[in-house]
2 protein chains.
Amino acid sequence: MKNMAELIAQQLETMLEQSPDGVIEIQRGALASQFACVPSQVTYVLATRFTQERGYLVESKRGGGGYIRVVKLPLDPRNALPKIIHAIAADPLTQAQAEGYIQWLYREHLLTRREAMMLLAAVDRNVLELPVDLRDTMRSRLLSAMLMALMRAN
Amino acid sequence: MKNMAELIAQQLETMLEQSPDGVIEIQRGALASQFACVPSQVTYVLATRFTQERGYLVESKRGGGGYIRVVKLPLDPRNALPKIIHAIAADPLTQAQAEGYIQWLYREHLLTRREAMMLLAAVDRNVLELPVDLRDTMRSRLLSAMLMALMRAN
DNA sequence: CCCTTTTGACTATCTTTGACCTTCGATTGC
DNA sequence: GCAATCGAAGGTCAAAGATAGTCAAAAGGG
């Protein structure tokens, strides 16, 4: 018998496969009691096995009627974007580097013209008015977060 | 099963859509008993989901024959964006306020789904990881800069 | 030993509830 | 008439409740 993290991961995977649209919603506490473990165990499983690099997206809401939604991304975006996003997120970015990525994505038709313009505005040094090192970090965070959002949008 | 706040919000949204002029009048107590909740629950829903940033206006009158009127503000697509950008740029923005504006513009079809998602990612407090006051200022700068870029894109 | 898993105390966020307050129209007492 | 009073709305706010997130220490397993 495997460890509990594996069991929980398998159950989630099964549920995802049985779901017609590749989206499931669970309640953390409920799943935890089903497996007789602490709720943060579920968080751990999601954090280690349902990551963006593996093609999953996780959203949640707290409070009464709260939930955790797990989305299995379709194959196509799973190849191109995540790798680039990972590269972008890894290190701080200069404006020139950021613009390079954006232009490349635009040329590859992964961004519309409007989307590219928005991203260019967001990475502009006049908009990101911060000390240089912090600015380059924020630029990287922003660009990767926005591109990640795009993956989720489909 | 959803929470009650969502249910009430949905009902109000439905009523607004069915109303020809985008105006509805309700009685707080009546709506509360329809949903078997306390009246202040209705106040909560209005305060959190029918805000000015989201394009709604709420007026009310107390006393006998009192009411709550909810108005869905009309948006002239031609000059809406400049006005909203102006409002956004004027002051620092909380995440909730920023999300309100984005959702409004999306509802009114001035943003595509993808664009809205990108903007939502950009104003997220986890992405804009800075001291709160600076964060709210950056949020305002970012959002207005990106929306301005969109205007220019056409 | 080092890496992964398991736990739980503490934190953050959102919702629900209720006691108390304010406003307004209607009624009453003079 | 007119002010005092009353009842019927809606408003405020803070506490309690319901979830989920974080983080680091403890426990397992190679």
Side-chain angles (χ1 to χ4, degrees), chain A residues 1-12 24-54 56-71 145, chain B residues 1-12 24-54 56-71 94-100 103 120 123-132 135-136:
Chain A
M1 166 131 115
K2 289 182 176 166
N3 61 35
M4 188 160 309
E6 277 304 315
L7 291 179
I8 296 174
Q10 271 172 28
Q11 155 121 12
L12 290 172
I24 58 172
E25 256 176 36
I26 57 164
Q27 291 217 297
R28 189 179 75 148
L31 191 59
S33 34
Q34 185 187 321
F35 283 92
C37 64
V38 295
S40 52
Q41 175 86 325
V42 174
T43 307
Y44 172 72
V45 171
L46 291 168
T48 55
R49 301 167 176 15
F50 292 80
T51 61
Q52 185 248 309
E53 300 93 60
R54 300 192 194 196
Y56 298 94
L57 279 173
V58 178
E59 307 162 68
S60 65
K61 199 179 119 181
R62 309 185 190 191
Y67 58 81
I68 297 179
R69 182 183 302 142
V70 185
V71 184
Chain B
M1 177 159 70
K2 276 184 166 168
N3 60 39
M4 191 161 308
E6 277 303 314
L7 293 177
I8 296 174
Q10 270 172 28
Q11 155 121 11
L12 290 173
I24 58 173
E25 258 176 35
I26 56 166
Q27 292 219 297
R28 190 179 74 147
L31 191 58
S33 36
Q34 183 188 323
F35 284 94
C37 65
V38 295
S40 52
Q41 176 87 305
V42 174
T43 307
Y44 171 73
V45 171
L46 291 168
T48 54
R49 290 145 162 78
F50 292 81
T51 62
Q52 197 216 314
E53 294 87 10
R54 289 165 136 94
Y56 298 95
L57 201 96
V58 178
E59 310 166 276
S60 62
K61 205 179 85 169
R62 310 186 188 190
Y67 59 83
I68 297 180
R69 182 184 303 142
V70 185
V71 184
T94 66
Q95 179 169 346
Q97 289 171 323
E99 287 173 352
Q103 277 162 28
L120 288 172
V123 303
D124 191 295
R125 66 170 76 77
N126 296 310
V127 174
L128 258 35
E129 207 178 342
L130 297 165
V132 185
R135 183 165 74 197
D136 289 358

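Every chain is numbered from 1 and lettered A, B, ... according to where its sequence line falls, protein lines coming before strand lines.
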Among residues 25-37 of chain A, which ones have heavy-atom contacts with DNA chain D below 4.0 Å?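 DNA chain D contact set from residues 25-37 of chain A: A:Q27, A:R28, A:G29.
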By the 4.0 Å heavy-atom rule, please label [X] as base, sugar-phosphate, or nothing.
{"X": "A:S60", "value": "sugar-phosphate"}
{"X": "B:R49", "value": "sugar-phosphate"}
{"X": "A:Y44", "value": "base"}

* **A:A5 side chain, from C-beta outward: closest of D:dG21, C:dT16, C:dT6** =>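 My answer, after comparing the listed nucleotides, is C:dT6.
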Does B:G65 or A:M4 map to a spot on DNA chain C nearer the 5' end, using the closest nucleotide for each?
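Whichever sits nearer the 5' end wins; that is A:M4.
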Using a 4.5 Å cut-off on heavy atoms from C-beta on, say whether the side chain of B:S60 contacts that of B:L46.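 They are not in side-chain contact.
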Is [X] reaching over with its side chain to a backbone N or O of [Y], donor-acceptor style, under 3.5 angstrom?
{"X": "B:S40", "Y": "B:T43", "result": "no"}
{"X": "B:E6", "Y": "B:N3", "result": "no"}
{"X": "B:Q27", "Y": "B:G66", "result": "yes"}

In B/S/- notation (B base, S sugar-phosphate only, - none; protein heavy atoms under 4.0 Å), nucleotides 24-30 of chain D written 5' to 3' is -------
Distances for protein N or O near nucleotides 19-23 of chain C N or O, under 3.5 Å:
from: C:dT22; atom 1: O4'; to: B:R62; atom 2: NH1; distance (Å): 3.2
from: C:dT22; atom 1: O2; to: B:R62; atom 2: NH1; distance (Å): 2.7
from: C:dT23; atom 1: O2; to: B:G63; atom 2: N; distance (Å): 3.4

| query | A:K61 side chain N/O closer than 4.0 Å to the phosphate oxygens (OP1, OP2) of D:dG21? | reply |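 Indeed not, no polar side-chain atom of A:K61 lies that close.
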